[in-house]
Student: 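Could you have a look at this structure, given as structure tokens, before my questions?
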Amino acid sequence: MKKIFLSLVFLILLWCGPCFAAVKEWQEYKTDNFKIFAHHVDEGFVNTVMTEAEDALRDVLNNFGIHKYQMWSGEKAVSIYIYANEDDYVKNGGQAGWSHGAALIQFRSIRTYPSANGFFDSILPHELGHIVLHEYIGIDTPVPLWFDEGTAMYQEKAKQLGCHKTTVLAMENGKFIPLTELTDMRLYSGTDIPTVSLFYAESASIVNFMITQLGDFHFRKLCRELKESRGFETALSNAFPRVKSVVDLNKQWVRFLKDNE
């Protein structure tokens, strides 16, 4: 479950703004939709990033039902900064020691390092999920944190693995966080790891439920409704005919988990 909270730094960056120390000697590479900056990184790894990033972006855009790929090229290309190693990433990238990757959505950028655990399968698609979501619905469009993180986790190749099980276990242990409470939650650098882990697990579980059980068509409509500046609960009820509110969504989600434990 460690990797489910790796992108907590994404949240910190949203609150704290840019805090990256200057790094000299960046090598720049370009693909159709990405600018890649490497700091003393093996060129073979960079080449792999170039290929995997294009594949990951295509998959993420398809998940959102977005087919206008040209919107990501040129000046709107996503920047990926690859630091030499973990120490370089923490010291010069201004990241937490437990972080393996970070997205700064307002700058359409991702930061990581070569030995980051699960970079291609988890971190890259996850952080792209954050960027695509907010580019699509609007940078300033407010959404619950669970929706933001759950949507990003859905992009991972190993998406949702164990998240339903973890959520059911929390129910059995009396630690389950109802969706109404999850909606009001905020995570901070000092939030304890069990709380962070459960938050991410439940976020992944509920978004997976919405897409696979209530329908990906309706999920995409929810994103379109948010893009039209509908409030989250209004957008939710407009997009999902059988869901009237967050409370109603919670009831259906809990019922599904209990029926499939």
Side-chain angles (χ1 to χ4, degrees), residues 1-12 14-15 60 63 98-101 103 118 121-123 125-127 129-130 133-134 137 142-216 218-219 222-223 226 232-233 235-237 239-240 242-261:
M1 295 299 293
K2 288 184 179 179
K3 68 179 180 180
I4 65 176
F5 59 87
L6 296 180
S7 67
L8 176 57
V9 68
F10 158 77
L11 309 172
I12 299 170
L14 286 180
W15 300 323
V60 171
N63 285 340
W98 46 258
S99 166
H100 291 226
D121 289 340
S122 298
I123 295 173
H126 184 115
E127 305 304 349
H130 283 305
L133 173 65
H134 287 278
I137 68 175
V143 294
L145 188 56
W146 63 260
F147 179 77
D148 201 327
E149 289 299 337
T151 298
M153 291 186 72
Y154 187 79
Q155 314 308 320
E156 300 178 30
K157 292 181 179 179
K159 54 195 173 189
Q160 317 314 317
L161 182 62
C163 291
H164 285 329
K165 183 177 180 180
T166 299
T167 304
V168 170
L169 184 61
M171 288 179 177
E172 295 173 349
N173 294 335
K175 296 181 179 179
F176 174 73
I177 307 170
L179 194 55
T180 49
E181 294 182 23
L182 207 68
T183 298
D184 293 331
M185 282 187 65
R186 298 291 182 271
L187 301 180
Y188 303 95
S189 58
T191 304
D192 63 275
I193 290 178
T195 298
V196 172
S197 298
L198 182 57
F199 177 87
Y200 273 78
E202 290 197 18
S203 298
S205 176
I206 181 60
V207 171
N208 179 264
F209 167 73
M210 293 168 70
I211 295 174
T212 63
Q213 303 302 312
L214 301 183
D216 59 350
H218 298 295
F219 178 82
L222 169 59
C223 293
L226 291 168
F232 186 79
E233 193 135 2
L236 183 68
S237 60
F240 293 90
R242 296 190 291 120
V243 177
K244 304 304 179 185
S245 65
V246 169
V247 172
D248 189 29
L249 178 60
N250 182 78
K251 290 179 181 178
Q252 295 186 40
W253 173 42
V254 169
R255 187 182 308 120
F256 166 78
L257 291 172
K258 290 182 176 179
D259 290 343
N260 292 275
E261 54 180 300

Student: For Asp216, which residues count as a side chain to side chain donor-acceptor pair (under 3.5 Å) partner, sequence neighbours excluded?
Tutor: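 Once residues adjacent in sequence are excluded, Asp216 has no partner under the side chain to side chain donor-acceptor pair (under 3.5 Å) criterion.
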Student: Among all residues two or more places apart in sequence or in another chain, which pass the ring-ring contact (aromatic ring centres under 6.0 Å, His included) test with Phe219?
Tutor: Phe147
Student: For Ala235 versus Leu226, what's the shortest heavy-atom pair and its separation?
Tutor: CB-CD2, 3.9 Å
Student: Looking at residues at least two apart in the chain, or sitting in another chain, which of them share a side chain to side chain donor-acceptor pair (under 3.5 Å) with Asp184?
Tutor: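 Testing Asp184 for side chain to side chain donor-acceptor pair (under 3.5 Å), a comparison that skips the adjacent residues, returns none.
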Student: Could you tell me which non-hydrogen atom of Leu179 sits nearest to which non-hydrogen atom of Asn250, and how far apart they are?
Tutor: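 So the two residues come closest at N-OD1, 2.8 Å.
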Student: Do you know the tightest heavy-atom contact between Ala201 and Thr166?
Tutor: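 Closest pair (atom of Ala201, atom of Thr166, distance): CB-CG2, 3.8 Å.
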Student: State the CG-CD1 distance between Asp148 and Ile137, to the nearest 0.5 angstrom.
Tutor: 7.0 Å
Student: Rounded to the nearest 0.5 Å, how far apart are CD of Gln252 and CG of Asp248?
Tutor: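 Gln252 CD to Asp248 CG: 4.5 Å, rounded to 0.5 Å.
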Student: Yes or no on side-chain contact (heavy atoms from CB on, under 4.5 Å) for Ser122 and His100, after CA distance, side-chain angles and deciding distance?
Tutor: CA-CA 10 Å; Ser122 298; His100 291 226; over 6 Å; no
Student: Go through the structure and list residues passing side chain to side chain donor-acceptor pair (under 3.5 Å) with Ser245, not counting sequence neighbours.
Tutor: none
Student: In residues 169-178, what donor-acceptor pairs under 3.5 Å come from side-chain atoms, sequence neighbours left out?
Tutor:
residue, atom, partner, partner atom, Å
Asn173, ND2, Leu169, O, 3.4

Student: Identify the two heavy atoms, one from Thr167 and one from Ser205, that lie closest to each other, and give their separation to 0.1 Å.
Tutor: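 For Thr167 and Ser205, the tightest heavy-atom pair comes out as OG1-CB, 3.6 Å.
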Student: Of all residues at least two apart in sequence or in a different chain, which pass the side chain to side chain donor-acceptor pair (under 3.5 Å) check with Ser237?
Tutor: none
Student: Once rounded to the nearest 0.5 Å, what's the spacing between atom CG of Asn63 and atom CD1 of Ile211?
Tutor: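 Going from the CG atom of Asn63 to the CD1 atom of Ile211 covers 7.0 Å.
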Student: So does Ala204 get a backbone contact from the side chain of Asn208, meaning a donor-acceptor N/O pair under 3.5 Å?
Tutor: no
Student: For a 4.5 angstrom cut-off between non-hydrogen side-chain atoms, does Leu187 reach Tyr200?
Tutor: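 Yes, their side chains come closer than 4.5 Å.
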Student: Could you tell me which non-hydrogen atom of Gly101 sits nearest to which non-hydrogen atom of Ile123, and how far apart they are?
Tutor: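 Minimum heavy-atom contact is CA-CG2, 3.8 Å.
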Student: Just so I know, are the side chains of Ile206 and Leu249 near enough to count as touching, which here means a heavy-atom distance under 4.5 Å?
Tutor: yes
Student: If we ignore hydrogens and angles and just use 3.5 Å, is the side chain of Glu156 paired with the main-chain N or O of Ala152 as donor and acceptor?
Tutor: no
Student: Looking at CZ of Phe209 and NE2 of His164, how far apart are the two atoms once the value is rounded to the nearest 0.5 Å?
Tutor: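 It is 9.0 Å, given to the nearest 0.5 Å.
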Student: Quick one: pull up OG1 in Thr191 and OH in Tyr188 and give me the separation to the nearest 0.5 Å.
Tutor: 7.5 Å
Student: Are side-chain heavy atoms of Val243 and His218 found at a separation under 4.5 Å?
Tutor: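 When only atoms from C-beta onward are counted, His218 and Val243 do not touch, as no gap falls below 4.5 Å.
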Student: Is there a donor-acceptor contact under 3.5 Å from the side chain of Ser203 to the main chain of Phe199?
Tutor: yes
Student: What's the separation between atom CG in Leu236 and atom CE in Met210, rounded to the nearest 0.5 Å?
Tutor: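 Rounded to the nearest 0.5 Å, the CG-CE separation comes out at 5.5 Å.
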Student: Indicate whether the side chain of His126 and that of His130 have a donor and an acceptor atom separated by less than 3.5 Å.
Tutor: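 Short answer, yes.
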Student: Would you name the heavy atoms of Val60 and Gly129 that are closest together and state the gap between them?
Tutor: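 Here Val60 and Gly129 meet closest at CG1-CA, 4.1 Å.
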Student: Give a yes or no on whether the ring-centroid distance for Trp146 and Phe232 is below 6.0 angstrom.
Tutor: yes
